[in-house]
Amino acid sequence: MVKYLLLFLISLNVLPIIAQEKAVIDIKHSDEGRLAKNGVYRLIGNVKLEHKNMVMTCDSLYQYRDSNYIEAFGRVHAIQNDTLHLWGDFLTYNGNTEQAKVRNHVIMQDPRITLTTDYLDYDAANRIGYYFNKGTIRDSINTLISDIGYYYVSLNEMFFKDSVKVYTPDYTMFSDTLKYQTETKFITILGPTHIYGDNRTLYSENGWYNTLTSHAELYKNNQINYNNYQGKADTLVVDSLTGTALMYRNIHLYDTINNILIQGNYGEVLKNNDYAFITRRALLTLVGQTDSLFIHGDTLSVSKDTLNYNIMKAYHHTKFFSQELQGVCDSMVFPVADSTVYLYHSPIVWASGNQMTATDIDMHIRNNQVDRFRLNNKAMIVNQVDSTMYKLQPDQKEKMFNQIKGRNMTGIIRNNELRTMVVDGNGEAIYYPDDKGVIIGLNRATSSTIRIELLDKKIQDITFINKPEGSLNPLFMVKPEEQQLKDFQWHIELKPQTKEDIFRK
């Protein structure tokens, strides 16, 4: 008795499931019906049927007896849950598996999107649509086109694969793989993607873009191009409403016209690309043919002048290094149009072993290398006597400096070497002339104009042009206080000896 009772209870639980799985397609209406061959019913004219939560109409259909399977033709229209609509020229539907296949002039529509294609498979049980031979999705803001697409209706999510194109109010995207949230209008980038805007293009392989707020964040193999700049960073954040792009870690911005590279770990490109700056180990490189000039400051920036030319700045604690030219200052300005770098606030420049100081210093750039410079106001050049060339006492070599000062100075550089210096106004000089490798004394001289010629980083000749006055004294007669000009300074400890030294405080 117990055995039969258990079998009865099991049958009560199983029968509803079987009945649910085998819900029969219910034909509600047709103008005409007839039995075709092989037990197939053909229904013609204003056909209407129902199955579970779906209602369907068409011009005609074939219903296969004992199979719960139909084929519908002509103006096919299926409605699920009163919200999702399917149109097409031809449809097959299996009532047991709830799998529909719609072909030719297919439209799938719900309150948020409209999908058009010629080939759509729809899983009515799980509410998943799939097209595999090109489709177009439109909503109130965006248009998405791809070769392959999935629409997860219950999740409000679409997944696109192969030749994906997206048209938003601010960008056009071409991608390999994308996901789209139809409710939030949120695009997730899952593969190689090119993004084109009005004045910049982007590339990324992972990230997202909110088409409602025009905000994007990119996380993998990111690249940005704007004006004549090519850039990349580990993370790119772009806000189209404010026109601002933020860059994080391993930033590279390359000026393709001027052959200039800017690097750092945090940067911003502001509205209309009129201003950009980089900080956190910021580095500007003027790439030369034989030697590059590396410049570091707490902040590097690029802005526009009134004629739309770039102006680059480095500030504060600025240092620079090349094999033949080094320097420090508080700030540096480089208007690209006039090819001149301006150094401000206690600048010091070392060239070919000579230390140069002034109130401010200008350096002219040609092919990204310095070919001449000017020391403005309180100009001074200092060169330590090479102790390896002369037999000097240890205490002597620390005190012996060739020194020239004046109101202004101009220097000429050839083949990356300082070759000529001209002092203009109030020239004074202290230097140690030699005769056949022997220092013969200390020469002090004054002249309103002085010309210095150098070779192999050594002073070869000094010419006093206007009203020279001078004296030469043997070394044993020179007093310590006579070995330095007024305002003499020697700051070899500040000189960058390598590229890495420019980052040292």
Side-chain angles (χ1 to χ4, degrees), residues 324-328 347-358 361 373-375 378-495 497:
E324 297 296 335
L325 190 73
Q326 304 83 38
V328 298
I348 307 173
V349 175
W350 291 269
S352 300
N354 299 279
Q355 173 189 285
M356 293 167 284
T357 56
I361 299 175
F373 55 83
R374 182 173 173 82
L375 313 181
K378 297 183 179 179
M380 190 169 192
I381 179 170
V382 178
N383 179 291
Q384 189 170 30
V385 174
D386 188 353
S387 61
T388 61
M389 294 184 59
Y390 309 103
K391 295 181 179 180
L392 301 175
Q393 298 298 321
D395 62 331
Q396 285 182 312
K397 65 181 181 180
E398 298 298 329
K399 300 176 182 178
M400 298 176 65
F401 295 88
N402 297 315
Q403 306 156 53
I404 302 171
K405 65 181 293 188
R407 185 170 58 242
N408 302 311
M409 290 189 195
T410 302
I412 305 298
I413 294 178
R414 298 189 187 95
N415 299 322
N416 289 325
E417 272 195 29
L418 178 62
R419 300 298 296 271
T420 303
M421 291 288 298
V422 177
V423 180
D424 180 16
N426 304 324
E428 299 180 61
I430 289 178
Y431 64 99
Y432 295 85
D434 71 346
D435 182 15
K436 298 179 181 179
V438 177
I439 294 178
I440 59 175
L442 176 64
N443 198 340
R444 296 183 63 96
T446 61
S447 176
S448 60
T449 304
I450 304 174
R451 182 181 181 90
I452 307 104
E453 299 292 340
L454 301 97
L455 184 64
D456 296 330
K457 303 182 181 181
K458 302 178 185 66
I459 295 176
Q460 295 295 305
D461 184 52
I462 300 179
T463 305
F464 300 91
I465 299 174
N466 294 325
K467 299 180 180 180
E469 294 182 7
S471 61
L472 176 63
N473 295 318
L475 290 180
F476 69 89
M477 295 180 58
V478 177
K479 298 177 182 179
E481 61 270 20
E482 295 176 336
Q483 290 184 280
Q484 294 180 358
L485 294 173
K486 183 182 178 182
D487 301 324
F488 167 83
Q489 299 177 22
W490 181 243
H491 291 298
I492 193 63
E493 75 282 358
L494 300 179
K495 177 183 177 181
Q497 304 291 341

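Just so it is clear, the values below take in all heavy atoms, side chains as well, and ignore hydrogens, waters and symmetry mates.
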Fill in: Point-to-point distance, once rounded to the nearest 0.5 Å, from CD of Gln489 to CD of Gln403
11.5 Å

Item to complete: Can you measure from CG (Asp424) to CG (Leu375) and round to the nearest 0.5 angstrom?
Response: 11.5 Å

Discussion item. Please check: side-chain N/O of Ser447 versus main-chain N/O of Thr449, any donor-acceptor pairing under 3.5 Å?
Written reply: yes

Worksheet item: How long is the span from the CG atom in Asn426 to the OG atom in Ser448, to the nearest 0.5 Å?
Response: 8.5 Å

Worksheet item: Considering only heavy atoms from C-beta outward, does the side chain of Glu324 approach that of Ile413 to under 4.5 Å?
Response: no

Worksheet item: Between the main-chain N or O of Lys495 and the side-chain N or O of Gln355, is there a donor-acceptor pair closer than 3.5 Å?
Response: no

Discussion item. Could you check whether any side-chain heavy atom of Met380 comes within less than 4.5 Å of a side-chain heavy atom of Phe488, counting everything from C-beta outward?
Written reply: yes

Item to complete: Kindly indicate whether the side chain of Val328, heavy atoms from C-beta on, has any atom under 4.5 Å from the side chain of Trp350.
Response: yes

Worksheet entry | Side-chain touch Thr463/Glu453, heavy atoms, less than 4.5 angstrom | no

Practice prompt. Return the minimal non-hydrogen interatomic distance between Val423 and Lys405, and the atom names on each side.
Written response: CG1-O, 3.8 Å

Worksheet item: Can you tell which of Glu428, Met421, Met409 makes a side chain to side chain contact (heavy atoms under 4.5 Å, CB included) with Ile404?
Response: Met409

Practice prompt. Could you tell me whether the side chain of Ile430 reaches within less than 4.5 Å of the side chain of Gln484, counting heavy atoms only?
Written response: no

Worksheet item: Ala379 and Ala358: which non-hydrogen atoms are nearest, and at how many Å?
Response: CA-CB, 4.1 Å

Practice prompt. Taking the side chain as every heavy atom from C-beta outward, state whether Val478 and Gln483 have any pair of such atoms under 4.5 Å apart.
Written response: yes

Fill in: Evaluation steps, side-chain contact (heavy atoms from CB on, under 4.5 Å), between Met400 and Ile439
CA-CA 11 Å; Met400 298 176 65; Ile439 294 178; 3.5 Å; yes

Discussion item. Show the nearest heavy-atom pair for residues Pro433 and Gly441, with the distance to one decimal.
Written reply: CD-O, 3.5 Å

Discussion item. If I take atom CD1 from residue Ile452 and atom CD1 from residue Ile412, how far apart are they, to the nearest 0.5 angstrom?
Written reply: 12.0 Å

Worksheet entry | Distance-minimising heavy-atom pair for Ala351 and Leu418 | O-CD2, 3.9 Å

Worksheet item: Atom CG in Asn354, atom CZ in Phe401: separation rounded to 0.5 Å?
Response: 12.0 Å

Practice prompt. Identify whether the distance between the nearest side-chain nitrogen and carboxylate oxygen of Lys378 and Asp487 falls below 4.0 Å.
Written response: no

Worksheet entry | Arg451 CZ: over 12 foreign heavy atoms closer than 6.0 Å | no

Worksheet entry | Student check: side-chain heavy atoms of Leu472 and Ile440 closer than 4.5 Å | yes

Worksheet item: Does any non-hydrogen side-chain atom of Met356 lie less than 4.5 Å from one of Phe373?
Response: yes

Practice prompt. Applying side-chain contact (heavy atoms from CB on, under 4.5 Å), run through Arg419 and Leu454 and close with a yes or a no.
Written response: CA-CA 5 Å; Arg419 300 298 296 271; Leu454 301 97; 5.7 Å; no

Worksheet entry | Candidate list Asn402, Val385, Asn383, test side chain to side chain contact (heavy atoms under 4.5 Å, CB included), partner Tyr431, passing option | Asn402

